[in-house]
Amino acid sequence: MRKIFAIAWKDAIVRFASSSELIFFIILPLVFTFLVSGGTPPKEGIDDRVRIVVVDQANSTISKGIIAELDRSTAVRTEAYPLAEAEDLLDSRRASVVLILPANLDIQSIQDGTAQVDFRQLPNNLDATIAERSVQTAIRSVSSALNAANNSVKEAEIKKPFASDAERQAYFDASLELAQSIQKDSPERVNVIEGSTPDKIDYDPRANASAGQLITWVFIPLFGISALFAYERQQGTLRRILTTPTSKAVFLLGTISGQVVMALVQMSLLILFAIFVMKLSWGNDPLALFVILTAAALAAGAIGTSMGTFIKTEGQASGLSIMMGMVMSLLGGCWYPLELFPSVVQNIVKVLPTTWAMQGLLDLALRGGGLMQILPETGVLLGFAAVFFSIGVMRFRYE
Amino acid sequence: MLKTFLIGIKDLRLAFRDRAALILMLAAPFVLTLGLGLVTGRFSGNNSNGLSDIPVIIINLDNDQLGNALVDTFQSADLADLVEPVIETDVNAARKSIDEDKAAAVVIIPEGFTKNIMPQRGDFTNQAQANAEPLKIEIYANPSRSTGAGIIKAIVDEFLSRVEEGRVSGTTTIVQLMISQQLTPEQAEEAGLAMSERLQDSSSNMTDTLAIKLNSSTSSGEQVEFDILAYIAPGMALMFLMYTVSYGGRSILAEKSQGTLPRLLVTPTNSTQILGGKVFGIFLTGAAQMLILIGASSMFFQLKWGDTLGVVMLVLAAVFGATGWGMLITALARTPSQVASVGSAVMLIFGILGGSFISLDQMPPLVQTISKITPNAWALDGFTTLGLGGTLADLSAPITALLSMGLVLFLASVLLFGRKNLAQK
């Protein structure tokens with residue numbers, strides 16, 4: 001036991017010999033957790049309605065009414081830009097449509113029949129088709145009373161011409177008032193009922209970011225156990241251990257347990273950050289949390305040990321740890337929700353420990369589960385640990 | 001000049017002989033691009049944004065003018081690519097299809113919908129008809145396909161707005177004529193029926209009745225479908241470019257600590273030539289890394305990077321900007337391991353700040369502003385422009401920013417290096 005503790009303590013000293021290790025131990029994980037949780041919009045806040053870039057040069061009741069109607073739409077949303085920027089967005093194809101509401105767009109121009117708006121779109125673009133229909137709806141909604149008053153004046157003039165402009169204007173004003181009254185009393189003609197389709201995506205940006213970044217930044221250094229072996233092999237210190245009465249299993253246990261304890265400390269700091277700064281409820285079942293974190297750390301540590309028996313130099317081990325850690329995290333759903341992946345990929349990535357660790361943590365942080373819910377994931381992770389630790393012990397050589 | 005060139009070529013060879021460096025220079029960005037391509041469905045053809053061929057079930061219980069006009073709208077040629085309508089008659093089966101996530105929405109047009117809106121002969125004297133409850137079109141929406149269902153509702157709204165506009169206009173005209181005693185109540189029914197015909201016309205006519213003329217114009221050129229990989233691949237390549245430039249910077253301090261730099265200075269080679277050669281080596285290595293990754297992703301992923309001249313110029317500008325950062329890190333560090341640690345940290349931070357993992361559009365405004373200090377953000381913006389069909393002419397902003405960034409950082413590094421004695425071990 002003393003040997004195991006001594007090996008673990010030695011590894012901790014080697015790892016934290018440079019203060020720059022703190023960057024990877026705590027600073028980068030916190031920065032990434034913060035950015036990913038803030039940079040990913042909340043599920044209910046994802047506004048994937050078609051964007052209409054609007055240039056409002058009129059700033060009139062009519063133009064504001066059109067914009068308000070568009071923003072009420074279930075299919076489109078507006079973003080206001082100056083003309084030059086809007087044209088740049090369209091030219092660089094970063095916007096599908098630009099709606100320009102010209103300076104003279106007002107009630108008078110509608111009454112005169114000269115009102116017009118410019119709708120510029122990319123060729124053969126479905127977003128533009130959706131946007132065009134929504135703009136037509138908005139224009140109708142805003143101008144239908146005025147249009148009705150205009151038509152009313154025209155029909156009356158056919159029957160009997162007005163004696164003067166004042167009489168025509170009075171007839172228009174009365175028609176407009178009546179049309180607005182009829183429009184106001186118009187019954188709702190659409191009833192939307194939400195189906196009971198199960199929502200497949202369990203997602204909360206803060207919980208996902210916290211769990212995902214925790215796994216990413218803990219798995220990378222645990223895979224880095226391989227670099228530790230390569231370093232000791234290059235330095236010749238592994239050979240020296242041969243001269244002492246220390247078995248392979250004790251050496252590996254000391255190395256892995258030391259790194260796992262450091263990983264648990266690191267994870268605890270990240271969990272505390274999530275609880276106190278991000279207000280996440282990680283603390284509902286501390287025992288379950290400890291179990292899943294330990295299982296995940298053991299699996300990652302065992303993979304790192306196994307990698308260490310294949311890799312020759314510290315540089316290669318270091319590069320591979322970063323690459324493997326990032327790829328496994330990405331595919332394991334630590335960066336983007338697993339449910340968004342194609343179904344085939346969702347099944348394939350079950351071979352990765354990161355997938356199981358992520359699901360276990362989300363069971364606790366997102367789905368309100370406890371020890372019973374995380375037992376399957378824990379079992380799989382311990383299975384990973386047993387398999388890779390066995391490979392590591394079998395292949396481990398001091399030289 | 002020749003010496004500077006030779007030192008640069010020597011460093012390029014050393015970098016590409018170092019297997020450990022190759023893992024992060026080439027393997028990591030390639031594998032991560034592959035991984036992101038898999039999770040976004042790029043390789044399984046599953047990366048549609050969902051705004052095409054939206055499956056919708058239509059149940060027309062009305063079977064009259066307005067109901068049929070709405071069905072025609074959904075089946076019209078201009079919506080052919082957007083929606084995939086299926087006409088059914090069983091309401092319960094259609095609702096079940098939504099609950100089983102087989103369609104985005106069901107549109108149920110109730111029986112008597114047309115008669116409920118359009119006046120029929122005898123309605124003017126029929127009190128029961130006047131007091132009839134307004135019938136509503138039901139949209140049974142799939143909550144897990146909210147955007148698709150939203151578009152279906154927008155199409156129905158647009159149709160009803162035409163109907164409603166005609167109704168308001170006709171009613172206003174007739175009532176005003178009656179108020180002004182130009183129409184008798186007896187004549188009103190005939191006028192109302194005429195209005196009905198106009199209403200039917202307006203329900204099938206989209207733009208002619210608009211009070212505000214919609215001047216629709218289409219940009220020149222062809223439709224460009226943006227390939228998500230055209231964002232992912234450069235994002236990953238640019239992130240690991242930062243590793244390459246710090247790796248190159250590390251070699252300057254490594255040569256110093258190993259004593260090979262003072263040895264070089266014993267030869268008739270001055271420190272400016274040596275530093276210039278090292279910078280040239282970093283630049284060459286970065287450019288080679290980027291071009292290899294671009295070539296590999298074009299070959300293996302059939303990724304179209306866009307205008308070739310634009311890609312080459314943007315790569316050179318991006319590598320220049322990144323080299324500036326590599327030199328600054330080297331100038332500030334004391335040991336090669338410091339450069340390695342800080343370089344890796346900068347690589348990852350610039351990666352996330354520059355949009356390699358999450359699109360900058362989704363980041364808070366402050367983060368978007370801070371991202372401007374990274375070559376990643378500017379270069380990724382340029383690569384996105386190229387991916388969207390842009391050319392070199394559209395890249396003036398990112399290329400100018402990257403060259404300015406490189407120049408400023410390089411001058412700052414020269415000043416810092418000037419205070420250090422590179423020749424001293």
Side-chain angles (χ1 to χ4, degrees), chain A residues 20 23 35 38-39 41 48 73-75 92-93 110 115-124 126 129-130 133-134 136-137 139-140 143-144 146-148 151-152 155 159 175 178-179 182-183 186-187 189-197 199 313 315-316 319-320 323 327 330-331 341-342 345, chain B residues 20 23-24 28 31 35 38-39 41 44 46 51-52 81-82 98-99 101 134 136-144 147 150-151 153-154 156-158 160-161 164-165 168-169 171-173 176 182 210-219 223 341 345 352 358 362-364 385 388-390 394:
Chain A
S20 62
I23 297 175
L35 286 176
D48 45 9
S73 165
T74 51
S92 62
R93 295 170 185 269
I110 296 175
Q116 48 190 313
V117 297
D118 287 336
F119 183 83
R120 300 182 192 170
Q121 58 180 304
L122 292 180
N124 304 318
L126 280 181
T129 306
I130 297 163
R133 284 187 172 259
S134 299
Q136 285 167 1
T137 310
I139 286 176
R140 277 207 173 83
S143 65
S144 67
L146 285 162
N147 197 27
N151 286 339
S152 176
E155 291 286 332
K159 286 196 170 291
S175 299
L178 177 64
I182 294 169
Q183 193 180 16
S186 293
R189 290 284 179 189
V190 185
N191 184 26
V192 179
I193 297 173
E194 203 160 88
S196 48
T197 323
D199 194 345
T313 69
Q316 286 176 5
L320 274 175
M323 188 179 87
V327 171
L330 176 73
L331 293 176
F341 297 3
V345 180
Chain B
I23 290 171
L24 286 180
V31 173
L38 280 173
V39 303
S44 53
N46 194 24
L51 298 187
S52 63
D81 292 335
L82 183 62
I98 296 299
D99 294 343
D101 196 24
K136 294 178 184 178
I137 292 176
E138 180 186 319
I139 297 177
Y140 191 71
N142 183 338
S144 70
T147 306
I151 288 167
K153 178 169 186 292
V156 174
D157 281 344
E158 196 271 332
L160 287 173
S161 75
E164 183 61 13
E165 186 179 51
V168 171
S169 181
T171 309
T172 303
T173 301
Q176 268 302 106
Q182 295 181 60
L210 281 181
I212 301 171
K213 191 180 173 197
L214 191 64
N215 292 325
S216 190
S217 59
T218 305
S219 307
Q223 182 186 12
S341 301
I352 194 159
I358 295 168
Q362 294 178 7
M363 292 281 190
T385 300
L388 287 164
D394 303 314

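Chain identifiers are assigned alphabetically (A, B, ...) following the order of the sequence lines, protein sequences preceding nucleic acid strands; residue numbering begins at 1 within each chain. The model shown is predicted, which means the values in this text are computed figures rather than measured ones.
The minimum heavy-atom distance between B:Val168 and A:Gln183, with the atom names listed, is CG2-CA, 4.4 Å. Of all the heavy atoms in B:Thr173 and A:Asn151, the pair that sits closest is OG1-C, 4.1 Å. Smallest separation of non-hydrogen atoms from B:Asp99 and A:Ser196: OD1-N, 3.0 Å. In terms of heavy atoms, B:Ala345 sits closest to A:Ile23 at CB-CG2, 3.6 Å. Nearest approach of A:Leu331 to B:Gly35, heavy atoms of both residues: CD2-O, 3.8 Å. Shown here for B:Lys136 and A:Asn191, the closest heavy-atom pair between the two residues is CD-CB, 4.0 Å.
A:Ile182 touches chain B through backbone and side chain together, each having a heavy atom under 4.5 Å away. Contact annotation for B:Leu24: only side-chain heavy atoms (C-beta onward) come within less than 4.5 Å of a heavy atom of chain A. Both the backbone and the side chain of A:Ser186 come within contact range of chain B, each with at least one heavy atom under 4.5 Å from a heavy atom of that chain.
Counting heavy-atom pairs closer than 4.5 Å to chain B, the top-ranked of the candidates A:Ser175, A:Ser143, A:Ser134 is A:Ser175. For the set B:Gly390, B:Ala141, B:Ala28, the count of heavy-atom pairs under 4.5 angstrom toward chain A peaks at B:Ala141. The most heavy-atom pairs under 4.5 Å with chain B, out of A:Ser73, A:Ala75, A:Ala179, A:Gly195, come from A:Gly195. Per-residue heavy-atom pair counts under 4.5 Å with chain A were compared for B:Lys153, B:Gln176, B:Lys213, and the maximum is reached by B:Gln176. Counting heavy-atom pairs closer than 4.5 Å to chain B, the top-ranked of the candidates A:Val190, A:Thr313, A:Leu320 is A:Val190.
The distance from the CD atom of A:Glu155 to the OG atom of B:Ser169 is 8.0 Å, given to the nearest 0.5 Å. Rounding to the nearest 0.5 Å places CZ of A:Arg133 at 5.0 Å from CD of B:Glu158. The CD1 atom of B:Ile212 sits 11.0 Å away from atom CZ of A:Arg140, with the distance rounded to the nearest 0.5 Å.
In this structure, A:Thr74 contributes its side chain and B:Gly150 its backbone to a donor-acceptor pair below 3.5 Å.
B:Asp157 and A:Thr137 are not linked by any side-chain donor-acceptor pair at a separation below 3.5 angstrom, with hydrogens and angles left out of the test.
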